[in-house]
Visitor: 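Sending over a structure as structure tokens; questions will come in a sec.
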Amino acid sequence: MPELPEVETTRRLLARRLAGGRVAGVSVRCGALRTPVDAEIAARLPGARVLGVGRRGKFLVIETDRGGVISHLGMSGRWSFVPDGCAPGKHDHIDLHLDGGELLRYHDPRRFGAFLWGGESPSEHPSLARLGPEPWGEGGAEEIGDHLWSAARRRSAPLRNLLLDGEVVAGVGNIYANEAAHRAGIRPQRSAGKISRVRYRALAAALEAVLAEAIERGGTTLRDYADPEGNEGGFGDRCLVYGREGEPCRGCGKRVERIVLSARSAFFCPRCQR
DNA sequence: CAACGGACCTGCCTGC
DNA sequence: TGCAGGCAGGTCCGTT
């Protein structure tokens, strides 16, 4: 489900409502996420004051005066603010009891998410330490474009796969990888190592633009994503290729095609993308 | 190294 | 109506 824009939308709401408050308690009803919920969390988090909420790629980092907690939403994870006493439903695995008497509840049907203790320096946690740069840097699209181009040397895998590799660039998932390739006029199946530096710069600019627009609209809801206040993302109808197999390209009218790369769908317009 | 398939889970949609 | 099969926003591991 959630890629960078959905995670960033979640981060902003969590930051707004958690910062400065305390976590009074933690209830873990089902700790069997993709990696088991860290026991350290229930031991250390109660009583902690929240300093802020950060994000690295698709990972959220709740920073407290006792250390950081890392949350990943996997494919179907979601945090929601609910009133205290609200009965947990199916797949409501974790509750954080907030000092204002509210609950922050984690729901995740597929249980591909993660909830990990990040300690004093969460950025050194194994799940964050090896992540590539965020898709935009201080040097702008040119710098990220050059970085992608360097990372692509001697790589024959499809461009779409390069973009999904979190060690190359953090936070890009299947929707936005496909959308960025479309905007840049590059086919997702093109061998990453055979694309010019100039085209990588255009791709990086497209990536930055599509992510910024998606964040502005609160992300994309394909089926079940919602932010912590229950709002769905509004970017879905801005997608130009993702999920649009057989529908006309909004640029040229040619039918959008779907292919499978490494067992995951990729979408492109055969006329606009080469 | 890089690339690929499979594993981890549940739910929803389609077609028979 | 039921059931099988395919598909889904993401990582991580083992094998070639």
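Every heavy atom of this structure was used, including side-chain atoms; hydrogens, water molecules and symmetry mates were not.
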Visitor: If each of A/Arg153 and A/Ala263 is mapped to the nucleotide of DNA chain B with the nearest heavy atom, which maps nearer the 5' terminus, i.e. the 5' end?
Guide: A/Arg153

Visitor: B/dA7 C1' sits how many Å from A/Leu33 CG, rounded?
Guide: 16 Å

Visitor: Compare the minimum distances between each of C/dC7, B/dC4, B/dC12 and the side chain of A/Arg258, then state the nucleotide with the smallest one.
Guide: C/dC7

Visitor: Please report the distance, rounded to the nearest Å, between CD in A/Glu167 and P in C/dC12.
Guide: 9 Å

Visitor: Return the nearest nucleotide to the side chain of A/Ser265; candidates are B/dC4, C/dG10, C/dC7.
Guide: C/dC7

Visitor: Within this structure, what is the CZ-to-P distance between A/Arg244 and C/dG9, rounded to whole angstrom?
Guide: 17 Å

Visitor: Among C/dG9, B/dA2, B/dC4, which is the nearest nucleotide to the side chain of A/Pro158?
Guide: B/dC4

Visitor: Within the pair A/His91 and B/dC9, is there a side-chain N or O less than 4.0 Å away from OP1 or OP2?
Guide: no

Visitor: Hey, which sits more toward the 5' end of DNA chain C by its nearest nucleotide, A/Arg223 or A/Pro126?
Guide: A/Arg223

Visitor: In dot-bracket form, how is DNA chain C paired, counting a Watson-Crick or G-U wobble pair only if both its distances are under 3.5 Å and using | for bases paired to another strand?
Guide: .|||||||.|||||||

Visitor: For a quick test of reading the model, state the closest non-hydrogen atom pair linking A/Arg244 to A/Cys239 and the distance between them.
Guide: CD-O, 3.4 Å

Visitor: Between A/Asn174 and A/Asn178, do the side chains contain a donor N or O and an acceptor N or O under 3.5 Å apart?
Guide: yes

Visitor: Considering only the P atoms, how many Å lie between C/dG14 and B/dC9, rounded to the nearest integer?
Guide: 16 Å

Visitor: If you check the A/Lys58 side chain, which of C/dT11, B/dG11, B/dC4 turns out closest?
Guide: C/dT11

Visitor: Looking at A/Arg110 and A/Asp224, is there a salt bridge between them, counting it only when a charged N and a carboxylate O are closer than 4.0 Å?
Guide: no

Visitor: A/Arg238 side chain to A/Glu213 main-chain N or O, any donor-acceptor pair under 3.5 Å?
Guide: no

Visitor: Taking the six-membered ring for Trp, are A/His93 and A/Tyr106 parallel (under 30°), tilted (30 to 60°) or perpendicular (over 60°)?
Guide: tilted

Visitor: If we check side-chain contact (heavy atoms from CB on, under 4.5 Å) with A/Arg187, which of these qualifies: A/Pro158, A/Pro270, A/Cys269?
Guide: A/Pro270

Visitor: Could you give the CZ-to-C1' distance, from A/Arg78 to C/dG10, as a whole number of Å?
Guide: 18 Å

Visitor: Evaluate whether the aromatic ring of A/Phe112 and the six-membered ring of the B/dC8 base sit under 5.5 Å apart, centre to centre, with an inclination under 30°.
Guide: yes

Visitor: Is the side chain of A/Ser80 donor-acceptor paired with the backbone N or O of A/Val82 at a distance under 3.5 Å, no angle test?
Guide: no

Visitor: For B/dA3, take OP1 and OP2 only and decide whether either is under 4.0 Å from a side-chain N or O of A/Ser156.
Guide: yes

Visitor: Under 4.0 Å between a Lys/Arg side-chain N and an Asp/Glu carboxylate O for A/Glu134 and A/Arg55?
Guide: yes

Visitor: Between C1' on B/dC4 and CG on A/Asn161, what's the gap in Å once rounded to a whole number?
Guide: 9 Å

Visitor: What's the shortest heavy-atom distance between A/Leu162 and A/Ala152, and which atoms?
Guide: CD2-CB, 4.1 Å

Visitor: Can you identify which nucleotide, out of C/dC7, B/dA3, B/dA7, has its nearest atom closest to the A/Arg34 side chain?
Guide: B/dA7

Visitor: Check the distance between B/dA3's P and A/Leu163's CG and give it to me in whole angstrom.
Guide: 13 Å

Visitor: Quick one: the side chain of A/Arg110 and the base of B/dC9, do they pair up donor-acceptor inside 3.5 Å?
Guide: yes

Visitor: OP1 or OP2 of B/dG11 sitting under 4.0 Å from any side-chain N/O of A/Lys90?
Guide: yes

Visitor: Using the C1' atom on both, measure B/dA3 against C/dG9 and round to a whole Å.
Guide: 23 Å

Visitor: Atom CZ of A/Arg111 to atom P of B/dA7: distance rounded to whole Å?
Guide: 17 Å

Visitor: Hey, does the side chain of A/Thr220 come within less than 4.0 Å of C/dG9's phosphate (OP1/OP2), counting only N and O?
Guide: no

Visitor: At under 4.0 Å, does any side-chain N or O of A/Arg264 touch on OP1 or OP2 of C/dG9?
Guide: yes

Visitor: When the distance from OH of A/Tyr106 to C1' of B/dT10 is rounded to whole Å, what number comes out?
Guide: 13 Å

Visitor: Heavy atoms under 4.0 Å, any strand shown: does A/Ala157 hit a base, just sugar-phosphate, or nothing?
Guide: sugar-phosphate

